[in-house]
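What follows is a single structure, and I will ask about it in a moment.
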Number of protein chains: 2
Amino acid sequence: MSRHDPELAGDRRLPLYQRLADELRREINAGRWKPGERAPSETWLAEHFEIAPGTARQAIAMLVDEGLLERFRGKGTFVRRPRFDHSLFRFFRFRDRSGENRMPEGRILHREVAPMPDHVAEALGLGADALGIAMSRLRLIGGEPVLAEEIWLPAGPFADFLEIPVGEVGPLLYPVYESACGQLVVSADEALRAEAAGPETARLLQIDAGAPVIVIDRLARGIGGAPLEWRRSRGRADQFHYTTEIR
Amino acid sequence: MSRHDPELAGDRRLPLYQRLADELRREINAGRWKPGERAPSETWLAEHFEIAPGTARQAIAMLVDEGLLERFRGKGTFVRRPRFDHSLFRFFRFRDRSGENRMPEGRILHREVAPMPDHVAEALGLGADALGIAMSRLRLIGGEPVLAEEIWLPAGPFADFLEIPVGEVGPLLYPVYESACGQLVVSADEALRAEAAGPETARLLQIDAGAPVIVIDRLARGIGGAPLEWRRSRGRADQFHYTTEIR
DNA sequence: CAGTGGTCTAGACCACTAA
DNA sequence: TAGTGGTCTAGACCACTGG
């Protein structure tokens with residue numbers, strides 16, 4: 001946040017709290033405030049922009065609703081670090097015998113550099129002939145396969161990822177992207193479909209070919225919304241569940 | 001809302017706005033304020049309960065977030081009337097050639113009074129041998145079947161529904177429940193699954209047996225949360241889609 | 001202890017709606 | 001014009017955290 005411009009940008013006809021919220025969103029999207037870091041207090045914002053504390057509070061509340069910030073009494077306001085493992089359990093029942101949710105282990109079956117298929121290159125915002133890192137990854141619980149994943153990464157920014165032996169990669173990829181390649185995943189779009197299992201999926205998941213499977217396509221994004229990873233996960237339909245309430 | 005008790009109920013250690021929100025929620029759930037009706041203004045609430053307008057505002061904002069109320073500047077605060085047709089389009093692509101969403105027509109294939117299966121009686125909170133109205137209903141777009149539905153209603157409260165010829169029931173059932181039986185649906189729980197089409201579903205949806213289908217189980221609730229209708233809808237998996245954003 | 005966010009007050013002015 | 005919600009101000013006191 002600029003130290004020399006205590007003037008809120010944006011259309012002056014917009015409410016102050018809107019313009020402040022936009023300003024805060026810009027700071028986060030630009031990566032000037034990183035996930036886990038502390039954001040300015042409402043008192044500081046109020047003084048800096050010469051607005052009432054209640055107005056600053058309203059802007060912060062917006063970003064808390066959006067999931068960009070979280071607040072802790074006595075500690076401060078922080079940029080939220082997303083938890084992607086939650087999304088798995090929103091769609092699948094991965095329970096052990098005791099009924100507890102279990103994080104599946106990840107086993108990379110194959111990794112190579114190859115030209116991306118057109119639909120992947122397009123999703124990642126790259127040219128039709130871009131090179132990518134392709135992975136086939138199996139996720140298991142207690143040795144049982146539960147998800148089969150195809151993953152594509154842009155070869156350039158993720159070159160260092162190739163130096164890490166596949167056996168040393170743990171159950172989560174995003175922390176490795178961050179530590180090895182400096183690529184921070186902060187949001188993702190997911191699309192759900194259902195289809196009949198093809199022969200390859202059936203073999204990996206140890207089900208009959210033609211049995212229903214759930215397909216989740218995910219585009220993971222970094223700071224500023226830049227696409228970082230394309231991923232297609234397939235899981236057994238009989239482990240899928242999703243519930244909502246409608247009002 | 002009682003005219004003689006300007007005292008907010010609930011644990012006095014709870015914030016005022018929480019206790020007021022609970023009070024408002026009670027009025028709505030008890031059906032004393034019906035969907036579409038006007039709720040008291042924040043000024044009235046502030047004076048009646050002897051709190052600051054801002055505090056009343058905060059309570060109202062909670063219920064707006066929950067989808068129970070909606071506010072219109074200059075007009076007032078109203079109890080929200082839910083739109084269930086919207087939920088269909090959240091899960092399925094029902095587009096005509098021009099790409100517009102189309103509300104499917106509903107055709108009741110069969111209607112009878114019969115003892116409920118145990119799982120339906122349990123969901124509706126009735127005894128194991130309760131009588132119900134069973135319906136088989138097909139939903140079509142441009143003559144093409146898109147959803148096959150099994151529906152169960154408790155026989156008692158919905159007795160008058162049997163007097164209406166099935167041919168006179170339009171594309172939406174809930175308005176008929178309201179006008180003919182005085183049963184108002186205000187919320188619902190939905191659970192999504194995927195399975196392989198059985199022979200009956202395959203016939204109704206004109207797909208191959210074994211092809212993947214999406215199953216939506218819905219329990220519709222009336223005022224106060226009382227279960228009113230159990231419904232199981234099956235649709236072709238290739239018309240299913242669902243997207244989310246994760247942060 | 002100082003600093004933070006959580007709750008609450010008591011007003012102000014505005015834009016919009018309906019009578 | 002009176003009543004509504006939308007925005008904004010300028011404080012208060014509290015509970016909690018950290019040094």
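Labels below follow one simple rule: chain letters A, B, ... track the order of the sequence lines, proteins then strands, and each chain is numbered from 1. Side chains are part of it too, since the values below use all heavy atoms of this structure and drop only hydrogens, waters and symmetry mates.
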Report task. Could you pull out all residues at least two apart from B:D160 that satisfy salt bridge (Lys or Arg N to Asp or Glu O under 4.0 Å)? Result ->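 With neighbours one apart ignored, the set is empty.
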Report summary line: Ranking B:I60 and A:P15 by the position along DNA chain D of their nearest nucleotide, the one closer to 5' is B:I60
Query raised in the report: Looking for any heavy atom pair under 4.0 Å, which part of the strands does B:R38 touch: base, sugar-phosphate only, or nothing?
Result: sugar-phosphate
Report task. Mind running a 4.0 Å heavy-atom check of residues 64-77 of chain B against DNA chain C and sending the residues that fall below it, in number order? Result ->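 The stretch gives B:R73, B:G74, B:K75 as the residues lying under 4.0 Å from the strand, ordered by number.
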Query raised in the report: Who are the salt bridge (Lys or Arg N to Asp or Glu O under 4.0 Å) partners of A:R107, not counting sequence neighbours?
Result: A:E105
Query raised in the report: Is it true that A:E70 and A:R81 make a salt bridge, defined as a side-chain N closer than 4.0 Å to a carboxylate O?
Result: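 No, A:E70 and A:R81 are not salt-bridged.
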Requested in this report: Output all residues satisfying salt bridge (Lys or Arg N to Asp or Glu O under 4.0 Å) with A:E66, sequence neighbours left out; order by chain, then residue number.
Outcome: A:R25
Requested in this report: Please list, chain by chain and in numerical order, all residues satisfying ring-ring contact (aromatic ring centres under 6.0 Å, His included) with A:F84, sequence neighbours excluded.
Outcome: A:Y174
Query raised in the report: What residues form a salt bridge (Lys or Arg N to Asp or Glu O under 4.0 Å) with B:R231, not counting sequence neighbours?
Result: B:E149, B:E229
Query - Test side-chain contact (heavy atoms from CB on, under 4.5 Å) applied to B:R221 - qualifying residues, sequence neighbours left out - result: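 Result, side-chain contact (heavy atoms from CB on, under 4.5 Å) vs B:R221: B:S187, B:D189, B:L219, B:P227.
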Report summary line: Note: chain B reaches DNA chain C at heavy-atom distances under 4.0 Å over the stretch, first to last nt, 5' to 3', of C:dT7 to C:dA18
Report summary line: By nearest-heavy-atom nucleotide on DNA chain C, the more 5' of A:T43 and B:Y17 is A:T43
Query raised in the report: Sequence neighbours excluded, which residues qualify as side-chain contact (heavy atoms from CB on, under 4.5 Å) partners of A:P157?
Result: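 For A:P157, the residues satisfying side-chain contact (heavy atoms from CB on, under 4.5 Å) (neighbours in sequence not counted) are A:P154, A:Q183.
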